Every structure is written in C-alpha cells, then in structure tokens.
Amino acid sequence: VNGRRPRILLVEDEWLIAETMATTLRADGFEIVGPMWSAEPACRSIRESAPDAAILDIALGDNETSYPIARCLAEHGVPFAFMSGYSQLQIPAEFRDVPLVSKPISLSALAGMVGELLRR
Amino acid sequence: VRDLCIFSPHSVIRDPPFSRIDLVSCRNLLIYFGPEIQAQVIPTFHYSLREGGYLFLGTSENVTQFSDLFTPLDPKLRLFRARKDQLGTGRLPPQLTGLHHLLAAGSQPRPHALRGLAFRHALESRVLERHAPAHVVVDREGEVVYYSSRTGKYLEPAVGSPTRQLFSLARRGLRMELRAVFRQAVETGRMATREDIELESDEGHVQLVAVTIEPLPDANASEPLFVVLFIDQGPPLSREAAIARGKVGPDASAQLDADLRETRERLQSVVEEYETALEELKSSNEELVSVNEESQSTNEELEASKEELQSLNEELHTVNAELHGKVEALDSANSDLQNLFDNSQVAMVFLDRELLIRTFTPAMGRIFNVRDTDRGRPLTDLSSSIPLPSLFTDVSAAIGRGETTERRISHDATHYLVRIASYRNSDQRIDGAVVTLIDVTSLTDAETHQAVLIAELNHRVRNMLTVVIGLIEQNTKKNTTVEEFKNDFMPRLQAMSKTYDLVSRENWTYASLAEQLGQVLAPFSSDNVSIEGPAVRLKPKQALALGMTLHELATNSVKYGALSAPEGRINVRWSRSNGALPALSLQWRERGGPPAQKPITRGFGLRLIEGQVTHTLHGTMSIDAAADGLTFLFEFPIEDARGP
C-alpha cells in the first residue's frame, strides 16, 4: 500500500494463537499492529492510526468481546474479519456481513482472508 | 294292541263263524244290512260268543229284536252281553242252516223258527204295551234306564235341567212312597210293594196306585237294576169319594185325615225344598270342587312362580354382588382420578361440544381463573391470564375434524405447551375437546442452556485446537528433527491436558491454584519443593495459561535450575492483593541450584511464559537472577479473591 507494508490490526487474547498468526502474517509481508487483547487500547490505536485491515477474535475473555473494536473499525472504514470458535448465528445482526474465519484457523486461509480484505 | 291282533278277512254272512269269542266288535256294519240279513247275522254273533261274551255295536245300531240273545249292558255305548241260550242248546247258526238250505236245494223248506221267534216277540211286546202295567227300569241310584209306554200318568218332567232321576220325575203324592219302597227293595234285595197310594190327577180325580219294585234277576251284579211297576187299583175316584173311602169313623176321623193330608203336603213341600237345597248344595259342591281344583292349579303355578322368583332372586343377588364390586372398582378408580386431578401440575380442561366446561384440574385455575362453580359454563365466558389467540379455532378443529394441535406459548418468561385434542367417549365418537397446558418453562430453559453449553463447548474445542496448532507452529520454527519436536511438544501437550482435567473436574467453573501447583510439582520430592499461599480460584482460561507457564518453569528448572541439583529447592508462595482490582501475586523462587543467569537469548520457553503472563493473563512479570538461583514474580488480576 503506497509502497509500504500493509498494517494489520490483530486482536486475539490467547497469546499462543496471536503469536502464531502474527509470525505467519509478518512472514507474508504484513506489519502487525498488536496483537491486542482488549477493546480500549485497540480503539485508541485505531483512532491514532487506522490500520489497513483487521482480524478480530470475538471472545476476549472476562465477558469482553471485540464488537466495540468492530464498530471503531467500521467508523474508520477499515475492512475487517472475525475469527471465532462460535458460529455465524451467534454474531449480532449488525455484523452479519462481516466475513468469519472459523477456528481452528488454517494459516494459509488467514493470509488469504487478509489479502481479500485489502482488496476491498 | 295292534301287535296282539291277527288280521284276516272274514265274511259274517257266508263264512263259518268262529266260536267262544269274548268280544265281537261290529260297528256300523249292521246299518247297511236289511232286516233279514241282520236277523241272520245277529244270532251268528250270539253263536260265536261264549256265554256272557260281549257284543259291541255302532251308535245307531241295536239288537232289540234279539233281546232274548243279548242284554244291554250299556245301551249308550251299545255294549251288549250274550244271554244264555234260552231256546235250547244245539241251535245252529243261520249260515249253516243257510248252507244246508243251499246244499239241500229242492228239499222241503223248513218251518221258519226265526219267524216264530219274531212273532212271539211281536206278540209279547204287544201284550206288554197294551196290558202290562206301566213300568220303568232304574239303577240303584234311582236313575231311569228304561221307560215303558204310558208312564206319563205317574211321571212328569221335573223342573230344571233334564234328569232321569225317578224321584224327581215322579208325580206329587207318589214320591214319598216311591222313595220308601225303593229303599226297602234296595236294602232287602227283594220285591217290595206299597198299595193304596193316592195319586191326584190333573182333573182332580184320585187314583189309587200300587207300586212294586223288584230287582232284575239277571242284571249284572256290579250294576243291579230294578223294575218299578205302577199298577192302578180300581177306577179313578172323585175327591169326595176318595175322602169318603178314607173315612172310617165320625168327623174326628175326617178331621184327622185332613190334618194328615195337610201334613203330608207340608212334608212333600219340605222334601221338595230339601231336594232343591240338595241340588243347590250339589252344584255348589261341584263349583267348590272346581274352585278347589283351580286353586290347586293356581297354587302349583304360584309354587312354580315362587321357585322362579327364588332363582331370579339368587341371580339378582349375584348380579348385585358383581355390581357392588364394579361400583367399588369405579369408586377407587374415581378416587385415583380425583387424586390425579388434584395433584397434577398439568392444567387440563375438558369441554363438551358446546364448549361448556365439563371438568378441569386445579392447575387450570391459575390460568383461566376458573372455579368449581364454573362447571357447565362456556369457556368463552372466562378470561385467560395468558394470551391464547388461536384457542377457539383449535378447539373447533379438534371437535369438528378430530385434529390435535400443539402450540408453544410464552408469557412473562413462562413457557406453555398448549395441546388441544378431541375428547372421545366410550364409543370413540368425538364428544368435545381436551385443552392441556403444560408449563414447559424449565424444559425450555434447559433447552436454551443446552444450546449455550454446546456453543461454548464448540468454542472451547475450536480454541484449544487453535492453541495446539499455535504450539506446533511455534515448536517447528526451532526444532530440526522430529525426535526433538516430539520431546518438546508432547510434555507441553500433556501439561495442557492435565490442566483440562483439573478444570473439567469443576465443570469449567474454576480451578484451585494450590491443586494446580501440586499437579505440576507432583513428580518432584517434597524435600525439593514447597508451596504456600491462601486458597485462590482461577478461571479456566487463567488456569490453562498458568498451567503452561508453570510447566515451562518446572522444565527449565530441571534442565538448568534448582531441580538439576539434588540439594536444589523451589519455593512457590502467593498472596492476594485487594487493591482497586483484585490481583494475585505469585513468586517462584529457586535456591541451591547452579548459579543463575538471566537468560539473554529468549528461548521459546521464556517467550511462552512472558506471552502467557503479559498477554493472556493481562499481568506483569519480573525475573531476578540471584547468585543462588532464579526468582520469577508474576502479578495478574483475578476475579474471585475468595475461594477454597
């Protein structure tokens, strides 16, 4: 994107998963923002500098979800995808059109999804 | 009788007769014969019969011409008895004489003995008719069996039903004397006579009459007959002459005579009254006898009826006992049903075809506000506490087409299953509807809960698999051989699995920190490891992250730290800090091992520890590399400060 590496916001509360995804995406030439595990810092980061795309784990533990982050991203026109062990049915209606990457993730599918998001 | 008989054709006219027969029955044959052939056949019968044998003729036949041969035994039945041959023995039957006459054709005709007999008969009857006194033949009861001619002077028909009773028939004046003479004749068995009986004729003349009664000599002993002769004595006298004849002396005698006459008349009338009374008594007696017979048969019928009634009564008893048993069974069934109704939590209402309430369970009262007094009222009159918009269309469908409808209705966080079915009577015909409302709130909640649990389980499984994938990805970066990969990867996976055991044991609610530490340090001697701290509950996610962390610490210690030396010791202590956010402070302190040095190159183990603590547990960590061993200090927020 304009000669620089696309910045991808990654929100995932499980370190091992976040680290694996980040490692994979970095190897594919993306710059990773995060990985983050909480809504507030993520939204702050978006406001400061909007990423080019985002992958959000829905459940963040402690009854927190990434839906507030999703709203921030939508406000800033950032394309994003959910990643979850939940099914599409359990996602609120306002995010029905958001693409969903089902856990357990395939790392190649993840990279493909990021590429698709960037083409939007 | 047929078996005792021999049947054979036999002509009574031409064939030679049989002899010494007891009974000849020849009924309705003689009427077809002329007098001449009859005169030939009847003596043949006499010849055939033994003495005293019987002849049985038809009702319109008789042997009166041959009364010398046969005596009537029962004129009514036309039964006759053969008399002893009075004309001498050896008389040939006429057939034989006829045969003889035929065989001896041309010879002199014999004098007709038969014609002489008939002549004699005619003569005798003529004399009897003209010159013999009037007489009748009676049996011992006084019943007349034979009248001679000219008896009208002495007898007259009696009042009432026709009778042959001589004493009823006798004219007044004769009766008393007749009765006395008859009794005398019967008792003595000899001839009895009474003379000078005054018989008053219709013209007022008085005739003196003698009555003679004589037993008939050849009458059957069992049925004795008497001949009663009425003989006039002198010419009829006038009344005065009769009185004068009776007069013997002066007026006193005449007076006495008159008195006697008067007395006799009175006696006569008394006798008549007595006889009438006797007749009445007789008929009454007969009536009584018949009434008695009727009574007896009625009694027998009653007896039979009584027996029938008794058996009917017994049957009724049995039926009653059966009914009693059935009623008891019904009672207990009814009581069971009542208890079922009273204790049922299921709201039910039974409606008839007009939607009138037949009955309902008490649970229905909470929904429809229905009371016992509402039985018989239409359900449409009652208001429901829950909305049942399609109730009446469903009920109509159930009654009309026998359809069963099931709907779920939710109201105020209560869920009902509404079932509407047709009510069928014992003939399986639809006779209303049954509305059932079952509170399925707990079921619905359980279903919801189950859906949540399944989704959660799905989520966890998927997450765990993703973690495993991450673990593999991270391990493969560094390891070169499969053997090395396995050596690193498998213990980590096993550590994860153990933590899962711990968490699932508590139904994914929490895990005890002390237990988790005990599990991780279990392979080591208590001489080398010690733990101390308050009871703390960790959430499943925290337990999994901490489990991996503790596993890395222990592995590291065995390889490079305190547990690599026999004297090495590890002390784990923790405490809760109740600041703005409740937090856990945990210290892993190693002593007695080789001199520690803070790892400069960050291996995967250390990266894993740091990542889990800072990222997953949202905490902080610090490492102190003292000369006698490493000390790790972790701090991370915990939700539940209390716990076992």
Side-chain angles (χ1 to χ4, degrees), chain A residues 9-28 32-42 45 55-67 81-92 100-111 113, chain B residues 451-452 454-478 489 492-493 495-496 538-549 552 581-582 602 604-619 621 636-640:
Chain A
L9 173 65
L10 203 55
V11 179
E12 163 61 65
D13 68 329
E14 179 60 58
W15 177 79
L16 203 55
I17 300 167
E19 187 60 26
T20 308
M21 287 166 62
T23 310
T24 308
L25 291 176
R26 277 189 198 109
D28 286 350
I32 299 299
V33 180
M36 296 190 175
W37 64 83
S38 183
E40 204 192 313
S45 154
I55 300 287
L56 312 178
D57 181 24
I58 293 174
L60 297 181
D62 293 344
N63 302 321
E64 208 184 329
T65 64
S66 59
Y67 297 136
F82 284 129
M83 175 178 67
S84 179
Y86 291 118
S87 72
Q88 187 93 42
L89 290 174
Q90 284 155 302
I91 297 167
L100 177 73
V101 183
S102 278
K103 284 184 178 179
I105 50 162
S106 142
L107 293 172
S108 55
L110 181 71
M113 173 60 75
Chain B
V452 168
I454 287 170
E456 191 59 37
L457 186 69
N458 250 334
H459 175 244
R460 279 183 186 147
V461 168
R462 287 160 182 272
N463 224 33
M464 189 192 70
L465 284 173
T466 315
V467 169
V468 172
I469 290 170
L471 204 57
I472 293 166
E473 287 289 333
Q474 296 299 325
N475 271 355
T476 45
K477 289 280 158 37
K478 190 186 81 178
F489 176 73
R492 284 178 180 137
L493 199 61
M496 256 176 78
L538 297 172
K539 295 208 289 184
K541 185 186 157 189
Q542 292 174 318
L544 287 168
L546 193 64
M548 277 198 244
T549 306
E552 291 303 325
L581 280 170
R602 293 190 155 196
F604 175 66
L606 190 61
R607 278 207 296 128
L608 183 68
I609 291 167
E610 197 179 2
Q612 293 292 4
V613 173
T614 58
H615 190 105
T616 311
L617 293 173
H618 306 170
M621 70 170 279
F636 54 90
I638 52 171
E639 198 171 68
D640 187 7

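Since we're looking at a predicted model, the values are computed, not measured.
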For this session: Tell me, for A/I17 versus chain B, whether the close heavy atoms (under 4.5 Å) come from the side chain, the backbone, both or neither.
Result: side chain
For this session: Nearest 0.5 Å please: distance from the CG atom of A/L16 over to the CD atom of B/E473.
Result: 10.0 Å
Seminar exercise, completed: Heavy-atom closest pair (B/K541 atom, A/L60 atom, distance to 0.1 Å) is NZ-O, 3.5 Å
Exercise. Would you say B/E456 has more than 12 foreign heavy atoms packed within less than 6.0 Å of its CD?
Worked result: yes
For this session: Grab the two heavy atoms, one from A/W15 and one from B/T616, that are nearest each other, plus how far apart they are.
Result: N-OG1, 3.0 Å
Problem set entry | Sidechain-backbone polar pair: B/H615 side chain, A/E12 backbone, donor-acceptor under 3.5 Å | yes
Problem set entry | Separation between CD of A/E14 and CG of B/N463, rounded to the nearest 0.5 Å | 6.5 Å
For this session: Sort B/L608 into side chain, backbone, both or neither according to what part of it lies under 4.5 angstrom from a heavy atom of chain A.
Result: both
